[in-house]
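Numbers here are sequence positions counted from 1. Keep in mind it's a predicted model, so treat the numbers as computed, not measured. Both ligands and their constituent atoms are indexed starting at 1 by order of listing.
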Amino acid sequence: MRKLTADFIFDAISGQFLSNHMLIMESGRILDLVYSDRNSDSGDTEYYKGLLCPGFINAHCHLELSHLKGAISSGTGLINFISQVLQLRDYPLEVIEEHINIADQFMYDSGIVAVGDISNTADTAASKKNSPIQYHTFVELFDLMNATMTSATIQKAKEVFDEHSGLKSFVPHAPYSVSKALFNAINRENSKGNTISIHNQETPAENSMFINGEGAFFDFYKRIGTPLSDFQPIHNSSIFYAMKHMDPDQRTLFVHNTMTEGEDIRAAQNWSSNIYWVTCPNANLYIENRLPDYQAFLEENATMAIGTDSLSSNWQLSIWEEVKTIKKYNSFIPLKILLQWATINGAKALGFEEELGSFTPDKSPGVVWIENFDPTSEITLEKSQSKRLNI
Ligand code: MCF
Ligand code: FE
């Protein structure tokens with residue numbers, strides 16, 4: 001049995017920073033979180049200067065792109081970004097796997113205990129099997145709105161799916177890259193009660209493609225040789241196209257949402273009561289140099305979670321760094337809210353809340369230590385770092 005205390009312990013359920021409390025744990029399992037006066041400590045309690053938090057959940061990652069760190073210039077916009085990802089796929093598997101293993105270890109050491117991971121390939125399958133991190137693999141499909149690609153895409157995704165173990169589902173890439181026929185096929189392949197993730201409203205051109213049938217995606221598709229000749233705009237933003245073709249009974253993670261407005265959030269929350277909005281602020285700054293309208297999400301009582309995206313669109317894979325970035329540009333959002341996004345909400349988004357996300361008795365959530373960090377003084381945030389405690 002181990003007894004842990006700190007200046008502050010984050011209780012993700014109540015959203016409070018508790019002082020004078022102690023975590024009692026056995027083999028990683030929480031036995032209790034109780035009041036404890038440090039002056040009456042019997043000497044068997046470990047003290048951590050700073051903050052202890054339940055393990056972080058990374059709700060959106062592409063581990064298979066870890067070898068692309070620094071390969072794509074930042075600040076050039078989504079369409080340039082995806083054009084580059086599509087071109088940059090010829091690397092030897094040993095190199096890809098080596099970077100995957102390093103990134104998985106980095107995430108674990110920084111306190112991440114579960115990841116929602118987008119996979120277009122089976123490159124991450126071996127690393128995930130050996131990892132202490134819990135993964136939900138989202139096997140991702142896109143046919144770039146090209147009917148001649150649809151069936152080959154489904155075939156390949158089934159093979160990739162079979163090579164992955166653990167929790168997994170078939171998911172659409174984004175509204176602009178998935179045809180109606182492919183959405184229908186994805187619905188057929190998934191079992192009921194599954195979790196679906198989709199990239200959503202990441203650039204102005206994504207909305208204008210669906211609202212007026214114009215904008216930079218039309219040039220992109222012309223360039224890659226599949227002009228959108230039969231494409232019909234829906235006179236509504238891209239999320240409406242996704243909702244029309246997705247199953248509201250599945251749990252749905254909308255990812256990025258940098259162009260999402262109150263009206264989109266309300267429509268989605270009327271469409272389904274099982275929605276999570278995943279924000280990846282560093283990737284949004286990397287790719288598009290913009291951030292979501294967090295105020296709009298707070299006003300609609302949206303359930304938020306946090307992701308890192310991949311090393312092709314981020315400088316590191318650390319949920320604490322994402323929290324710091326949100327806080328830097330949106331300091332009006334209380335830290336306790338952001339830490340709920342990073343822990344309990346992410347655990348619910350990926351279906352891991354029975355075991356992860358809070359210091360609740362019987363869970364084994366992992367413990368993250370933010371050394372020297374004082375949540376009541378924001379100046380300690382900038383230099384702070386998160387690390388996993390070995391428990
Ligand atoms: O989340 C970022 C930005 N938005 C969209 N796609 C991707 C991101 N990082 C990687 N991608 C990948 C996606 O998984 O880009 C590829 C897909 O494999 C090409 S997009 C048709
Ligand atoms: Fe992504």
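We find that Glu371 and Lys387 are joined by a salt bridge, their nearest charged nitrogen and carboxylate oxygen being less than 4.0 Å apart. In this structure, Asp117 pairs ionically with Lys128, as a charged nitrogen and a carboxylate oxygen lie closer than 4.0 Å. Under the 4.0 Å criterion applied to side-chain N and carboxylate O atoms, Glu159 and Lys156 are not assigned as salt-bridge partners. Under a 4.0 Å N-O distance rule, the pair Glu354/Lys363 does not qualify as a salt bridge. Looking at Arg266 and Glu300, a side-chain N of the basic residue comes within less than 4.0 Å of a carboxylate O on the acidic one, giving a salt bridge. At a threshold of 4.0 Å, the pair Arg29-Asp362 counts as salt-bridged, since one of the basic side-chain nitrogens sits closer than that to a carboxylate oxygen. Taking the charged nitrogens against the carboxylate oxygens, Arg2 and Glu26 have no contact shorter than 4.0 Å, which rules out a salt bridge.
Regarding atom 16 (C) of ligand 1, its nearest protein heavy-atom neighbour is Val85 CG1, 3.7 Å. Of the protein's non-hydrogen atoms, Asp309 OD2, 2.9 Å is the one closest to atom 2 (C) of ligand 1. Of the protein's non-hydrogen atoms, His62 CE1, 3.5 Å is the one closest to atom 11 (N) of ligand 1. Of the protein's non-hydrogen atoms, Glu202 OE1, 2.7 Å is the one closest to atom 4 (N) of ligand 1. Annotation: atom 19 (C) of ligand 1 to nearest protein heavy atom, Leu86 CD2, 3.6 Å.
Counting heavy atoms under 4.0 Å from ligand 1, residue Leu65 touches it through the side chain alone. Counting heavy atoms closer than 4.0 Å to ligand 1, residue Tyr176 contributes side-chain atoms (C-beta onward) but none from N, CA, C or O.
For ligand 1, one of its N or O atoms has an N or O atom of His199 under 3.5 Å away. The N/O atoms of Asn120, backbone and side chain alike, include one that comes under 3.5 Å of an N/O atom in ligand 1.
Taking a cut-off of under 4.0 Å to the non-hydrogen atoms of His256, the atoms of ligand 1 that pass are 1 (O), 2 (C), 3 (C). Close approach of ligand 1 to Leu78 (heavy-atom distance below 4.0 Å) involves ligand atoms 3 (C), 4 (N). Interface atoms of ligand 1 facing Ile287, defined by a heavy-atom separation under 4.0 Å, are 3 (C).
Between Tyr35 and His21, the two ring planes are perpendicular [angle over 60°; tilted spans 30° to 60°]. In this structure, Phe217 and Tyr176 have parallel ring planes: the angle between them is below the 30° cut-off, well short of the 60° mark. Between Trp320 and Phe373, the ring-plane angle classifies as perpendicular under the 30° and 60° cut-offs.
Of all protein atoms, those of element N, O or S that lie under 2.8 Å from the Fe ion (ligand 2) number 4.
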Audit row: Thr258, Asn284, side-chain hydrogen bond (donor to acceptor under 3.5 Å, both in side chains) steps and yes/no: CA-CA 7 Å; Thr258 37; Asn284 300 151; 4.8 Å; no
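Tyr276 does not carry Lys348 over the face of its six-membered ring by the limits of under 6.0 Å from the centre and within 45° of the normal.
In this structure, a donor-acceptor pair under 3.5 Å is present between the side chains of Ser179 and Asp143.
When Glu288, His173, Glu64, Glu140 are checked for heavy-atom proximity to atom 5 (C) of ligand 1, His173 turns out nearest.
The shell of residues lying under 4.0 angstrom from ligand 1, judged by heavy atoms, excludes Val255.
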